[in-house]
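A quick write-up on the structure given underneath.
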2 protein chains.
Amino acid sequence: MEKYKKIGIKLTPQRLAILDFLDGNKDHPSAEEIYREVSKRFPTMSFATVYNTLEALAERGNILELTIDPHKKRFDPNTELHHHLICTKCKRIEDVHTHFELAVPGMHRKGFEVTGNHVAFYGICPACSHRT
Amino acid sequence: MEKYKKIGIKLTPQRLAILDFLDGNKDHPSAEEIYREVSKRFPTMSFATVYNTLEALAERGNILELTIDPHKKRFDPNTELHHHLICTKCKRIEDVHTHFELAVPGMHRKGFEVTGNHVAFYGICPACSHRT
DNA sequence: TGCTTGACAAGAACTATTCTAATGTGATAT
DNA sequence: ATATCACATTAGAATAGTTCTTGTCAAGCA
Ligand SMILES: [Mn+2]
Ligand SMILES: [Mn+2]
Ligand SMILES: [Zn+2]
Ligand SMILES: [Zn+2]
């Protein structure tokens with residue numbers, strides 16, 4: 001696809017498949033989920049390729065690495081500033097596209113140069129609250 | 001110490017050492033840091049004991065497990081509602097004791113029952129910004 | 001054509017964490 | 001005091017997620 005050109009990495013079939021899987025994906029998939037899906041089309045796909053590609057994309061700001069699921073990294077192709085709501089049972093992650101006015105008061109800033117913030121909301125999703 | 005009685009777990013020398021190390025600790029230590037420090041006094045200390053104790057404490061709400069450092073869990077003996085500022089270079093974590101009024105707008109709530117939230121501020125600490 | 005660069009696959013290595021099995025210990029019951 | 005029981009502790013194995021290493025290959029270029 002032409003729309004991936006500007007990323008600045010060499011586009012290979014494997015990478016296009018990864019990019020297509022990520023494009024518009026709102027599930028915040030893990031490396032394993034990406035691997036599972038993409039290796040359907042490319043059965044020789046290696047895990048290393050998934051990680052290498054994700055790292056290259058993250059470095060260039062095309063995806064975000066989320067540190068919100070305690071068991072693994074999850075990746076977000078939506079790099080707009082937004083926040084997340086995570087189900088503490090099944091780890092499903094939903095977007096929260098709301099802007100909050102957040103600033104660290106000087107007394108707590110400890111001389112840090114603050115570059116960003118992220119709000120993690122925790123809760124129980126409907127599916128998890130139904131099955132007791 | 002008597003002040004640990006109400007936690008409701010059997011107090012052993014190893015556990016007391018862990019509790020003493022955590023008590024008032026503002027460094028958000030990892031399991032490894034706790035192990036390193038406590039095993040100075042108890043050289044036969046096992047990693048399993050550290051994890052078992054941390055799990056027991058977390059279950060009872062006496063410490064928090066922080067999912068904010070991408071490489072490992074960090075533990076916080078301060079269970080008051082507060083937020084954190086993390087240096088993206090050295091992973092130093094500082095407390096931000098400020099109350100923010102945060103709510104997930106209904107349109108993004110997706111039927112979740114929201115139980116809590118946590119703000120992660122990212123930045124560069126003075127030490128890291130000095131050494132280029 | 002031969003060189004250079006980067007991507008790929010496979011698997012080893014590594015790190016953090018959890019699990020297992022054997023042993024120890026302290027409290028309680030006899 | 002002794003037996004019993006419920007947990008704690010230990011060492012190490014096992015697991016999961018991620019990163020590293022090595023050999024191979026293909027595309028772009030001199
Ligand atoms: Mn998102
Ligand atoms: Mn804290
Ligand atoms: Zn759920
Ligand atoms: Zn720092």
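Protein chains get the first letters and strands the later ones, always in sequence-line order, with residue 1 at the start of each. These values consider heavy atoms only, across backbone and side chains, with no hydrogens, waters or symmetry-generated copies. Bear in mind that the values here come from a model prediction, so they are computed numbers and not experimental data.
- Between B:Ser30 and A:Phe42, the residue whose closest nucleotide on DNA chain C is further toward the 5' end is A:Phe42.
- Between A:Tyr4 and A:Asp20, the side chains place a donor N or O and an acceptor N or O closer than 3.5 Å (distance only, hydrogens not considered).
- Remark: A:Tyr51 is in phosphate contact with D:dT18, judged by side-chain N or O atoms under 4.0 Å from OP1 or OP2.
- Across all strands, A:Glu55 comes closer than 4.0 Å to no nucleic acid atom at all (heavy-atom distances).
- Aromatic rings from A:Phe100 and A:His83 are positioned such that their centres are separated by under 6.0 Å.
- Picking from D:dT9, D:dG12, C:dA9 the nucleotide with the shortest atom distance to the side chain of A:Met45 gives C:dA9.
- An OP1 or OP2 oxygen of C:dT18 is reached within less than 4.0 angstrom by a side-chain nitrogen or oxygen of B:Lys73.
- Backbone-only contact: A:Thr44 has heavy atoms under 4.0 Å from sugar-phosphate atoms and none from a base.
- Taking the ring centroids of B:His28 and B:His84, they lie under the 6.0 Å cut-off.
- Taking atom CG of A:Leu11 as the reference point, atom C1' of C:dA7 lies 12 Å away to the nearest angstrom.
- Residue contacts for A:Glu32: at a heavy-atom cut-off of 4.0 Å it reaches no nucleic acid atom on any strand shown.
- What separates CD of B:Glu65 from C1' of C:dT18 is a distance of 12 Å, to the nearest Å.
- Rounded to the nearest 0.5 angstrom, A:Glu65 CD and A:Glu59 CD are separated by 9.5 Å.
- For the OP1/OP2 pair of C:dC8 and a distance below 4.0 Å, the side-chain nitrogens and oxygens of A:Arg15 include at least one atom meeting the criterion.
- Put simply, CD1 on B:Ile18 is 13 Å from C1' on D:dT10, counting in whole angstrom units.
- Nearest to the side-chain atoms of B:Thr53 among the listed nucleotides D:dT9, C:dC8, C:dG6 stands D:dT9.
- Residue A:Asn52 is classed as having no contact, given no heavy-atom separation below 4.0 Å to the nucleic acid.
- An OP1 or OP2 oxygen of D:dT10 is reached within less than 4.0 angstrom by a side-chain nitrogen or oxygen of B:Thr49.
- For B:Leu54 and D:dT9, the CG to P distance is 12 Å, given to the nearest whole Å.
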